[in-house]
Amino acid sequence: MSDTTTPRLQPVVVDPSSSSSTGEDDELLAGLNPEQREAVVYRGQALLIVAGAGSGKTRVLTHRIAGLIKSAEAWPSQILAITFTNKAAAEMRERVGHLLGQVAEGMWISTFHSACVRILRREAENFGFTKSFTIYDSADSRALVKRIIKDLQADTFGFTVSQVTAKISKLKNELADADSYARQANFNDPQEAMFVECFRAYSRALREANAFDFDDLISQTVFLFRAFPQVAEKYQRRFRHILVDEYQDTNHAQYSLIRELTKAPESNELSGLASFGGGGASLTVVGDSDQSIYAFRGADIRNIVEFERDFPGARVVLLEQNYRSTQNILSAANAVISNNFDRKDKKLWTAVGDGEKIVGFTGYSGHDEAQFVADEIAKLHEGGMAYNQIAVFYRTNSQTRALEEIFIRSALPYRVLGGTKFYERAEIKDAMAYLSAVANPFDGLALRRILNTPKRGIGPATETALAAFAERNEISYREAMRRAKELSLGPKVTGAILQLAGLLDDASELVDPARVGGEAPVSEVLQLLMEKSAYVATLRASRDPQDEARAENVEELLAVTKEFNRNNPDGTLLDFLTEVSLVAAVDDLDDSSGTVSLMTLHTAKGLEYDAVFLTGVEEDLLPHRMSAGEPGGPAEERRLFYVGITRARKRLFISLAMTRAQFGETAVAMPSRYLQEIPAELVEWIQSPGMASRGGSDSRALGGGRGGGYGSRFGAGSGSGSASVSSGGSGSPRFGAAGGYGLPPGPPRPKTEWANRVTGQVRDNGDLTLVPGDRIKHADFGEGRVNQVTGEGAKRVAHVNFEAVGAKKLLIKIAPIEKL
DNA sequence: AGGGTAGTGCTTTTT
DNA sequence: GCACTACCCT
């Protein structure tokens, strides 16, 4: 992460003949299929690689980058590659280095956020920030919004913290700021007026704290480029080849950033660098609209769908051959995703053969389901599969509880990705706040957090007095602390404040760039802070047994800083804070850990495992209750399901429960509508929803039968698991047009009630008639107006103009619409 | 100022 | 089931 201020402009491999010689090319193209080759060798301004799941896109990207460098078409420093996570970035950097035989210095391979931080730190002074700005993570944003809502008494308008943060975030992703939003806001609506107040206060607080939130990192970079063309030009000139992974998940701000970066530098001719081609950087984007799962966060699928319109003359390459999964898994994935209309048809295929069937299981409870997962994992492991090749996915983080309980009892080594992350723990946030307060003296949020942690007798009243004093005298919070004597507080409180201020000043001296011997290592700074503040000592002295674990966590953080110093000898405190702020859930993933990985479906994107367990495939969970009503919600949830399925290489297990605990209460759960979209012959149900409902009223189901339900009948020792199963596939009749579940083959074929109750999906609107002018509501597109109706009978098509998504054509008979 | 307790409301996914 | 808040007591 070292920050090279001047681009390094020396080619890594200087062999002028290599661009034409086939030797090197062959090496890079060996083993690639024709489409992949095309994606690697195409040279033009814009290239869209539509890469289905498992189609080798990382391979294509790394070979493309390596090709550009090997052929001396580009210096490493002219390449900017954007990935979704730091882990993906690290992997790509390593693979490119491997292809080139050496690490390509000066190349930027990073996430959107990391790249923007780098740019912002360099340019911060240009627009009223200092390079030591703090990055507020979502918890920090929430804390700030919380205080603002309280200060402005916005809660009386029914505002919640999450509503306000979500709305601000959404606006920032659309590149709106408080002022631009205020200009078009309706101030007659008191709610909206109050929101504008909140947005303003929030933005001002960030600026005063010399801080950016996650969304700012992108949007402020765009604003910077737009406000200072000469700054933008610097980067436009530098980056000649820009590559963006997971393009389907970019939001408007990220899209705008790419647009700014790929513009032709304006004063090209003046600088005599017209030889650069005169145009903007070449742009390569890779994506798969079927894997777009971040619309809720502002990702705009139009970025990829309209790429060809955005970049005229763009070449499109389609990668459909899958190198990851068996055909059974792919067939299931294809079948599920084909239920999303309004997508370009794309079918994954593989040459590796059918493989084993998908295994299905319905537990009586979440625990029962977890027991099934644990038992199957044990079997897989006995069969020779490594734990780290197995993953368990779920929709919401709260589902980990039952899984963890059973896993612990079964002594299965596992690891939960995401969830309550290490850096989200209160004691770690405390320690990090100490560091932030040292790095950025304006960071009021961090100062407030540590002011009375550990307890120093500085209460809310004192805190308010300090804040008011700082405001009155227009000085930083830190300066106000230094001058605490002027506040005429009690001697004890004044002493405590002065002591803390002194400690922070001492620590600041350690990281002063002008210090003799350079900045002290982060670990030294943290050590000083933790010791002198008695933070760890206080935890150790506490009677609460959990505090011992907290103290150990802080020690662990200390170990992390030492590790950081080892890996980055020149790493500064700022570098450390930046790195920590931008870690993602998957970045923690240690491939050599030898443990089963548990994670949400969102976190799973981009990963692959030999065996995958997809749990909680129930209505209200997948699709999640919250998204079921939103336009586009069910389709996005289906993509999430699709992403989960396509992570599996060899074995796929799908499970659900009849009842699920939530809020400490047990609620009845229904099988997910997506289950019946998987062709029945692909699934072998060990216990289908129908079977489970038949026997589901015994004591095991709801009572104390933890680990009993499944384990007692199919426990370890029953062989492959499928041995004891009345196997499917024997021409199992389907439930008519509504479709049956993949199983319930065996005798006596249950006419289960649930099968029909589940939203039965093949729609038939009968002879619904629509005429131009009618208003309709569509499950995914929202409301719209019919312009025209064409066609006859069952093929009548309505041409509808939707408010949210524009013009669409719909088959009236089957579209999920209703007349308003 | 601080600690302890009772009551409330909540959860989608995350860089 | 838990985390957070408000309130009460020392």
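Below, read A as the first sequence line, B as the second, and so on, with proteins coming before strands; counting in each chain starts at 1.
- A salt bridge does not link A/Arg625 with A/Glu637: every distance from a Lys NZ or Arg NE/NH1/NH2 to an Asp or Glu carboxylate oxygen is 4.0 Å or more.
- Contact annotation for A/Lys146: backbone-only contact, meaning every heavy-atom pair under 4.0 Å involves sugar-phosphate atoms and none involves a base.
- In the set B/dT15, B/dT13, B/dT11, B/dT13 carries the atom at the smallest distance from any side-chain atom of A/Arg395.
- Rounded to whole Å, the separation between the P atoms of C/dC4 and B/dT13 comes to 15 Å.
- Of the two residues contacting DNA chain B, namely A/Phe296 and A/Asn452, the nearest-nucleotide position lying further toward the 5' end is that of A/Asn452.
- Residue A/Asn397 places its side chain closer to B/dT14 than to any other of B/dT14, B/dT15, B/dG2.
- Salt-bridge check for A/Asp620 with A/Arg660: failed, with every basic side-chain N at 4.0 Å or more from each acidic carboxylate O.
- In this structure, A/Leu582 atom CG and B/dT15 atom P are separated by 10 Å, rounded to whole Å.
- Between B/dT13 and A/Thr603, no contact under 4.0 Å exists linking OP1 or OP2 to a side-chain N or O.
- In this structure, A/Met599 places its CE atom 21 Å from P of B/dT12, rounding to the nearest Å.
- Between A/Thr160 and A/Asp215, the residue whose closest nucleotide on DNA chain B is further toward the 5' end is A/Thr160.
- A salt bridge is absent between A/Asp288 and A/Lys57: the closest approach of a Lys/Arg side-chain nitrogen to an acidic carboxylate oxygen does not fall below 4.0 angstrom.
- Taking both residues in full, the closest heavy atoms of A/Val336 and A/Tyr674 are given as CG2-O, 4.4 Å, listed atom of the first, atom of the second, then distance.
- No N or O donor and acceptor, one from the side chain of A/His624 and one from the base of B/dT12, sit under 3.5 Å apart.
- For A/Ser627, taking side-chain heavy atoms from C-beta onward, the closest of the listed nucleotides B/dT15, B/dT13, B/dT12 is B/dT12.
- As judged by a 4.0 angstrom heavy-atom cut-off over every strand, A/Tyr294 is placed among residues touching the sugar-phosphate backbone only.
- Here A/Arg401 lies in heavy-atom contact (under 4.0 Å) with sugar-phosphate atoms only.
- Ranking B/dA1, B/dT14, B/dG2 by closeness to the A/Thr462 side chain, first place goes to B/dA1.
- Ring geometry for A/His602 against A/Tyr294 counts as tilted: the plane angle lies between 30° and 60°, on a 0 to 90° scale.
- Of the candidates B/dG3, B/dT14, C/dG1, the closest approach to any side-chain atom of A/Lys455 belongs to B/dG3.
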